[in-house]
Amino acid sequence: MAERPTDFIRQQIDRDIAKPDGSKDVITRFPPEPNGYLHIGHAKSICLNFGIAEEYGGHAYLRFDDTNPLAESDEYVDAIKRDLAWLGFDVANRVTFASDYFEALYNCALELIRKDKAFVCSLSQDEIRATRGTLTEPGTDSPYRNRPVEENLDLFTRMRAGEFPDGAHVLRARIDMASPNLNMRDPVLYRIRHAAHHNVGKAWVIYPTYDFTHCICDALENITHSLCTLEFEDHRPLYDWVLDNLSLNARPRQIEFSRLGLEHTVMSKRLLQQLVTEGVVEGWDDPRLPTLAGLRRRGVTPRAIRDLCRRAGVTKQDNQLEIELLEFCVRSDLEDSAPRALGVVKPLKVRLTNYPQSNETLQAPWHQREPEMGTRPLPFGPELYIDREDFTFSPPPKWKRLSPGSHVRLRYAYIIRCDEVVTGADGEVTELLCTYLPDSRSGSDTSRVKPAGVIHWVAAHAAEPVQLRLYDRLFRTRNPKGSSLMDDVNPASLVTAFGFLEPAAATGEQSHFQFERVGYFHRDPILPRTFNRIVSLRDSWRPPRALKDS
RNA sequence: UGGGGUGUCGCCAAGCGGUAAGGCACCGGGUUUUGAUCCCGGCAUACGCAGGUUCGAAUCCUGCCACCCCAGCCA
């Protein structure tokens, strides 16, 4: 569909595999921690890792980074697998867990201890913090830093055996407490946690930290390129240090790229959690959320998400994509693939005064340019609904819809003329009395009348009442800040309308539609008779300024 | 006042010493039984700023400035 990306990461890989004595393998991994739901930012990483593996004829693992039993659960591993499959990446036989390597990790720790590169530190968490120094001042050595190897071995073995309570000891790397890189100030490698782990149960009471685990797992899986986000750049020296001091033979290269940012939403796990907990949204799959579950329920397609990631590119620059780009990707996918349907959002009754007291059934294509999608029956009768927005008493110049005395075509059907406007006590338009042109039927029009425009409609006798959920950006601000998050919520992020839909679409099983002239909608997978607006149609119509109101 | 990064059009993003790709957005025009789609055209004398090197610099050097990340036994 489009040519292969040439971002800086692929350029680096090209150089790596071009080395005369180097390996031609390219193996990557997507390493989520199973402690939350995936969002569109993760999609960028997924597309990158799996995309590269495929392009270079290698493979990618889905590896759950489950080293913290307190936060992780199977609920999330299932959700993450589901999201990956939905996005279009098949990882059935390449799913691993950091916890698969706990024994190997433990042996690596032993090796470091024997080489006197790691020591058991018995300082409390607070003491470790206090002796770490600050951004501008060096830390101070732990009093346990020079424990003899044998004592370290003994203590570490007993840590594993469960002889000590949480927090009593940790295993630390012996690097440099004066390093300007805080990550190198004797970082913690193992901590004691008497907690059940979602995968290994109670087999372990000591758990390795990310810095120790990640690089080793990468090496064990022969990952060649370990792609991660920018905040891990400072960890790369540690990543390399650990592997340099171990006798593993694989040497993965860590490369960092910037996260994907999207305007009018938030991506942090904490903030998303807050929105769910405080009931601002209805759940992790609320269609206003940037979670993959939310986007899926909204109706955003995997293709659109992959297209977005491709168009956004991969760099080290901080970025905030405009939601217009996402909307463009959605529309451009659905333009060709979504069947069309007629649906009315804000119904206004129309009575055809000269139409016989009977109904007829017209035929309309599901998609004008895609004849193979077939046609559907479209009921027509003397009473119809049109959208209130398609009628005005005083039309501005170039008004292409209905107004007193004007002609308009009902899409796929007849041309009608508005003869009379019925208003209620409060002046509100309640009904339009129109006449239809019998010889103007779509496809066999001999009326020679040129209507002002074309509008959508639904026959009253066959109209299916539906709930239309009109979604909009969750936050008013482009870059919502955690501090004022709640005040920034867009009160119109969800507007529910009760409209009518043509029966073929309402009762069929197709999931995505374009309601003509309105927008793209997705049949809600849970709520009956409910359609979520994925995105509106582009609308370049703007009334002349002076005549804006009607 | 430490370390690590990043600064090219409103938003993304190519560019890798030879004289600013592309996409989104936006603005015109054409086609159209969706004011949609589609098609055509426009849209950075300019690359954070200031110097320097060079015949030639967004690309090299120096110095500033701005923004992001780091002081979890989270990842």
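Basis for what follows: all heavy atoms, side chains included, without hydrogens, waters or symmetry-related copies. Throughout, a chain's letter reflects where its sequence line sits, starting with A, and its residues are numbered from 1.
- Of all the residues in residues 168-183 of chain A, V170(A), P180(A), L182(A) reach under 4.0 Å from RNA chain B with at least one non-hydrogen atom.
- Regarding contacts with the backbone of C73(B), a side-chain N or O of R132(A) is found under 4.0 angstrom from either OP1 or OP2.
- The partner of U53(B) is absent, by the rule that a Watson-Crick or G-U pair needs both atom distances under 3.5 Å.
- Look at C24(B): its Watson-Crick or wobble partner, with both distances under 3.5 angstrom, is G10(B).
- We find that CG of L135(A) is positioned 11 Å from P of G3(B), with the value rounded to whole Å.
- Spacing of P atoms, C38(B) relative to G23(B), comes out at 13 Å, to the nearest Å.
- Protein atom CG of L238(A) is 16 Å distant from nucleotide atom P of G4(B), rounded to whole Å.
- Close to G72(B), at under 4.0 Å from its OP1 or OP2, lies a side-chain N or O of R129(A).
- The list of ring-ring contact (aromatic ring centres under 6.0 Å, His included) pairs with a residue in residues 161-184 of chain A, not counting sequence neighbours, reads F164(A)-H169(A).
- Because its NZ or CZ atom is both nearer than 6.0 Å to the ring centre of Y106(A) and within 45° of the ring axis, R160(A) counts as a cation-pi partner of that residue.
- Legend: residues meeting side chain to side chain contact (heavy atoms under 4.5 Å, CB included) with I9(A), ordered by chain and number and at least two apart, are D7(A), I13(A), L48(A), I52(A), L227(A), I255(A), F257(A), V314(A).
- For the P atoms, the distance from U53(B) to A46(B) is 23 Å, rounded to whole Å.
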Protein-nucleotides 6-15 of chain B N/O pairs under 3.5 Å:
unit_1, atom_1, unit_2, atom_2, d
G7(B), OP1, Q317(A), OE1, 3.0
G10(B), N2, E322(A), OE1, 2.7
C11(B), O4', E322(A), OE2, 2.9
C11(B), O3', Q320(A), O, 3.2
C11(B), O2', Q320(A), O, 2.9
C11(B), O2', E322(A), N, 3.4
C12(B), OP1, Q320(A), N, 2.9
C12(B), O2', A312(A), O, 2.9
A13(B), OP1, T315(A), OG1, 2.6
A13(B), OP2, Q317(A), NE2, 3.3
G15(B), OP1, Q11(A), NE2, 3.1

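- One can place CD1 of I323(A) at 12 Å from P of C26(B), the figure rounded to the nearest angstrom.
- Using a 4.0 Å heavy-atom cutoff across all strands shown, H235(A) reaches at least one base atom of the nucleic acid.
- Applying the side chain to side chain contact (heavy atoms under 4.5 Å, CB included) test to D333(A) and every residue at least two apart in sequence or in another chain returns T301(A), R303(A), S337(A).
- Going from atom CZ of F212(A) over to atom C1' of C73(B) covers 15 Å, rounded to whole Å.
- Taking atom NE2 on H264(A) and atom C1' on A25(B), their separation rounds to 13 Å, with Å as the unit.
- Pair check for G2(B) finds C70(B); Watson-Crick or G-U wobble, both atom distances under 3.5 Å.
- Only the P atoms considered, C9(B) is 23 Å distant from G5(B), to the nearest whole Å.
- C329(A) is linked by a side chain to side chain contact (heavy atoms under 4.5 Å, CB included) to A304(A), D307(A), L308(A), R311(A), counting only residues two or more places apart in sequence or in another chain.
- In G72(B) the base sits syn relative to the sugar, since the glycosidic angle is no further than 90° from 0.
- As judged by a 4.0 angstrom heavy-atom cut-off over every strand, L70(A) is placed among residues making no nucleic acid contact.
- Separation of the C1' atoms belonging to C49(B) and U8(B) is 15 Å when rounded to the nearest angstrom.
- Within 4.0 Å of L326(A), counting heavy atoms only, lies no atom of the nucleic acid at all.
- In this entry the distance linking CG of N479(A) with P of C68(B) reads 11 Å, nearest Å.
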Note to self: Before you tell me yes or no, could you show the steps for F521(A) and F513(A) under ring-ring contact (aromatic ring centres under 6.0 Å, His included), namely the whole-Å CA-CA distance, both residues' side-chain angles and the distance that decides it to 0.1 Å?
What the structure shows: CA-CA 5 Å; F521(A) 285 75; F513(A) 293 94; 9.3 Å; no
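- Base pairing annotation: C64(B) forms a Watson-Crick or G-U wobble pair with G48(B), both donor-acceptor distances under 3.5 Å.
- Going from the P atom of C24(B) to that of U37(B) covers 11 Å, rounded to whole Å.
- The side-chain hydrogen bond (donor to acceptor under 3.5 Å, both in side chains) pairs that include a residue from residues 171-188 of chain A are D116(A)-R174(A), R145(A)-D186(A), where partners are two or more places apart or lie in different chains.
- When heavy atoms are screened at a 4.0 angstrom cut-off, Y210(A) is found touching base atoms of the nucleic acid.
- Residues passing the side chain to side chain contact (heavy atoms under 4.5 Å, CB included) test with S268(A), sequence neighbours excluded: R270(A), L271(A).
- For the C1' atoms, the distance from C11(B) to G56(B) is 33 Å, rounded to whole Å.
- The nearest whole Å value for the distance from the OH atom in Y239(A) to the C1' atom in A75(B) is 15 Å.
- Phosphate contact (OP1/OP2 of A75(B), side-chain N/O of T67(A), threshold under 4.0 Å): present.
- For F97(A), the ring pair (Phe, Tyr, Trp, His ring centres under 6.0 Å) partners at least two apart in sequence or on another chain are F64(A), H198(A).
- Below 30°, between 30° and 60°, or above 60°: for Y207(A) and H197(A) the angle between ring planes is below 30°, a parallel geometry.
- Nucleotides A20(B) and C47(B), compared at atom P, are 12 Å apart to the nearest Å.
- Classification of the Y239(A)-H214(A) ring pair by plane angle, with boundaries at 30° and 60°, yields tilted.
- Taking the six-membered ring where the residue is Trp, F232(A) and H235(A) present perpendicular rings, their angle passing 60° and hence far from 30°.
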Item checked: Per-nucleotide protein contact string for nucleotides 31-43 of chain B, where B marks a base within reach and S marks sugar-phosphate only (heavy atoms under 4.0 Å, - for neither) -> --BBBSS------
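- With sequence neighbours excluded, the residues satisfying salt bridge (charged side-chain N to carboxylate O under 4.0 Å, His left out) with E231(A) are R259(A).
- Within 4.0 Å (heavy atoms only), F232(A) reaches at least one base atom of the nucleic acid.
- For Y190(A), the ring pair (Phe, Tyr, Trp, His ring centres under 6.0 Å) partners are F156(A), F212(A), not counting sequence neighbours.
- Here the P atom of nucleotide A75(B) and the CD atom of Q254(A) are 15 Å apart, to the nearest Å.
- Taking the C1' atoms as reference points, A13(B) lies 14 Å from A58(B), given to the whole Å.
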